[in-house]
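What follows is one structure encoded as structure tokens, with my remarks underneath.
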Amino acid sequence: MDIDLNPEQTKAVETTEGAVLVLSGAGTGKTRVLTSRLAYIISNGLAAPWECLAVTFTNRAATEMGERLSGIIGPAASQVWLGTFHRIGLRILRRHAELLGYTSNFTILGQDDQERLLKQIMEAENIDVKKNPPRAVLEVIQGWKDKGLSVSMVPTNTHEDFLNGKILSLYRTYQDRLKNTNAMDFGDLLLLCLELFKAHKDILEKYQNQFRYILVDEYQDTNVSQYLWLRLLAQKHGNICCVGDDDQSIYSWRGAEIGNILKFDRDFPNAQIIRLESNYRSTEHILGAASGLIRHNEGRLGKDLKVAEGQDGSGDKVSVSGVWDGREEASRLIEQTETEKRSGTPYNEIAVLVRVGFQTREFEEAFISAGIPYQVIGGAKFYDREEIRDAVAYLRVLAQQNDDLALLRIINKPRRGIGDATIQILQQTALNEHISVFSAARLLIREESTVLKTAAKKNLRIFMDMFSRLESYMDADIDASDLAEKVLSESGYLAMWKESNAPEAQGRLENLQELIGVLRENFKSIHAFLEHVSLVSDVDDMSNDDKVSIMTLHAAKGLEFNTVFLPGWEDGIFPHQRALDEGGQRALEEERRLAYVGITRARKKVFISFAANRRVYNQWQNNIPSRFLSELPPEHLTGEGSIVGFKRQRQESFTPSRSIPWSSSSHTQSSGKQQIRKGFRVYHNRFGYGVVLSSEGNRLKIAFEDIGVKTIMADFVEAV
DNA sequence: CGTATATATCTTTTT
DNA sequence: GATATATACG
């Protein structure tokens, strides 16, 4: 047994029977407790590895736990049922898919596919997609799924005001279409598990018997459906240990119920609660600042972090600085990074944590021009790129013909003369016959079918023949990367980009090569690869190279660094405007927890900053410092920067008097650009140089040197 | 049916 | 600043 555990940790490890809630503050050795506990259970023979279920939220956490566990107990670790909620749900569903009317090779849809599908459905129902964005509808449906509500369980009175009550029928159609195309979305991976368990008691019992011990990481982030799932599985043996920290609950927007952790002792009678409050990570000042901040939240379980015994708690105060604008913020951050590096902190011990994704760009640019190596975690995703999605779509159809979304994506890419008209007919046929688009295509190319015109029919047949040829490779014993290569070249997809003279074509081809490389190194089968694509995000693979990490606060949960930069602490940015506008007290408290998570990522140094002016959506905004700054206890802070002092009141009187001049100018909408009038010489991205002949509002009539006179919106040209 | 160009819209956080 | 849609033309 690990002899380095403190008494509370030991108790959390050795209290194996019954329900246990471990309240584990930031940096209190949560992961060590979880792995030690698993090792303890297995090596003492309380259960075999495969009788233990350990669930996490991120693949990163699961991987880390698995690695540490195999370090203690060796290869047996791989037999533990360890993974994210979604992955374990998937594992169960693959095994019993037939009972739910799916085949076990069902596809998993990502957000993008979900929106596409819903959009198709809404358009078919003549719903105005402009007024009712599919994304918003999807949010409602996801919300139901997160609550464990299948179509038949949604209370009828909850949705009357939205879309004239049509939304429930949209949910039904959406589910039907998923089933028809043998696909599941993320929510289904848990929800359908619940349905499986409900309808087939024998299967539920099998798993209940199997899982003698259940461990749950980040319990504060579980939603209702996950909670129900856990409770069902734990029912037989009752040995469930949940580890969490209510102060780090930051996923309510994804359905997380902080109530799950707050009412744990009511859900699981005789539950024991163990508190881990000794922090092994951060200095006194950092903990003091974080604790002072989180104390402003109500409804906490209450927990105060202290520097663990034997740890050196001394250190620098948390630095708070105000600057003039985003550029200055970035350049100061670069300077401080260089200072840190010189004083011995490697780049990979430095992180920049931002509130929202687009903030990363500013720092990326700054790091590039300073020549400092960096990585963006979870930013623009490799698998989100157009060419990668296309390639994946080809593989998806190969793996599962009924995957309509994937098929429609590539059926005319590259162009094969299968245009909108043909595709409409295909979809209509599929809908009428309750079959997939692929099957519909098979019907429509038969000799006797006359639905399609001759040319369209011929083109479709050529496509289908090509696909059969590709499919025949699947049977041959061929490795995944070779298959992908064949598919991409024989389908003409690679040629499409090779022949393209678009400026980005070269980059796209390189990405496709990289994809094939990834396949070659990591995946034997196409199926394994597709599963990876749908379940693993870029947040999960972080390199250990000596690079500064840039990521959102959400992505940073569970990580730690020596030095942490927290830029953009302004009202409207952080706390986020939408939290201020819509969510009331609850949302504000979640933002505060997010701030708490940010500060507690740091071992030694925290640099918080705010800017008086910032460009957002291409427009200048002036902001006031975040309200959270005034909630940080001053004794743990030190101020610096071109704007000294961080008292909110002082800033408010300061900001308006020095507002940026061009933010109030009304004659041009594009910031800082000079107004273009008759006679100006201008440059256009495509048309090159020209002279303005006349202007009308912001429409300009321009005589271009190469192509003659055109009418162009003023936004698209620059004065030269 | 395909191509090229013009405009709108977006940006919270993610398995 | 990238991407989806709309529109016009060939």
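Proteins come first, then strands; the chains are lettered A, B, ... in the order of their sequence lines, and each starts at number 1.
- Taking for each of A/T56 and A/R416 the nucleotide of DNA chain B with the nearest heavy atom, the 5'-most of the two is the partner of A/R416.
- Positionally, the nearest nucleotide of DNA chain C for A/R361 lies more toward the 5' end than for the other of A/E123 and A/R361.
- In this structure, CE of A/M496 is placed 14 Å from C1' of B/dG2, rounded to the nearest angstrom.
- Under the rule for a side chain to side chain contact (heavy atoms under 4.5 Å, CB included), the partners of A/R389 that lie at least two apart in sequence or sit in another chain are A/D112, A/D384, A/R409.
- With sequence neighbours left out, A/E64 forms a side chain to side chain contact (heavy atoms under 4.5 Å, CB included) with A/T31, A/R68.
- Applying the 4.0 Å criterion to OP1 and OP2 of B/dG2, one finds that A/N412 has a side-chain N or O inside that range.
- Atoms NZ (A/K453) and P (B/dC1) sit 7 Å apart, rounded to a whole Å.
- Note: CZ (A/R355) to P (B/dT13) measures 8 Å, nearest angstrom.
- As rounded to whole Å, 11 Å separates atom P of B/dT14 from atom CE of A/M551.
- Shown for residues 251-258 of chain A: residues whose heavy atoms fall under 4.0 angstrom of DNA chain B, namely A/Y251, A/W253, A/R254.
- Residue A/T422 places its side chain closer to B/dC1 than to any other of B/dT12, B/dT15, B/dC1.
- Straight-line distance from the CZ atom of A/F574 to the P atom of B/dT12: 15 Å, rounded to whole Å.
- The line from OH of A/Y102 to CG of A/L93 is 9.0 Å long, rounded to the nearest 0.5 Å.
- Each of A/E365 and A/E386 was assigned the nucleotide of DNA chain C with the nearest heavy atom; the assignment lying further toward the 5' end belongs to A/E365.
- In this structure, the side chain to side chain contact (heavy atoms under 4.5 Å, CB included) partners of A/S249, at least two apart in sequence or on a different chain, are A/Q220, A/D221, A/I258, A/R593.
- The distance between atom CG of A/L109 and atom C1' of B/dT14, rounded to the nearest whole Å, is 16 Å.
- The residue among A/E591 and A/A456 whose nearest nucleotide of DNA chain B is located toward the 5' end is A/A456.
- Residue-level contact check: A/D146 touches neither bases nor backbone, having no heavy atom under 4.0 Å from any strand.
- Proximity of A/L407 to A/F463: side-chain heavy atoms (C-beta onward) are separated by under 4.5 Å at one or more points.
- Remark: the A/Q248 side chain and the A/Y596 side chain contain no N/O donor-acceptor pair separated by less than 3.5 Å.
- Between the P atom of C/dT3 and the CD atom of A/E115 lies a distance of 15 Å, rounded to the nearest Å.
- Among the heavy atoms of the strands, none lies under 4.0 Å from A/R593.
- Within the nucleic acid shown, A/A421 comes within 4.0 Å of sugar-phosphate atoms alone, with no base atom in reach, counting heavy atoms only.
- One atom, CG of A/D112, and another, P of B/dT14, lie 16 Å apart when rounded to the nearest Å.
- For A/R508, the side-chain atoms get nearest to C/dT3 when compared with the rest of C/dT3, B/dT13, B/dT15.
- A sub-4.0 Å separation between OP1 or OP2 of B/dC10 and a side-chain N or O of A/R578 is absent.
- Residues forming a side chain to side chain contact (heavy atoms under 4.5 Å, CB included) with A/R586 (at least two apart in sequence, or on another chain): A/S252.
- Taking the ring pair (Phe, Tyr, Trp, His ring centres under 6.0 Å) definition, one finds that A/F363 meets it with nothing, sequence neighbours left out.
- Stacking of A/H86 onto the six-membered ring of B/dT15 is not present when judged by under 5.5 angstrom between centres and under 30° between planes.
- Between A/R415 and B/dT3 there is a side-chain N or O to OP1 or OP2 distance below 4.0 Å.
- In this structure, of B/dT12, B/dC1, B/dT13, it is B/dT13 that holds the atom nearest to the side chain of A/T552.
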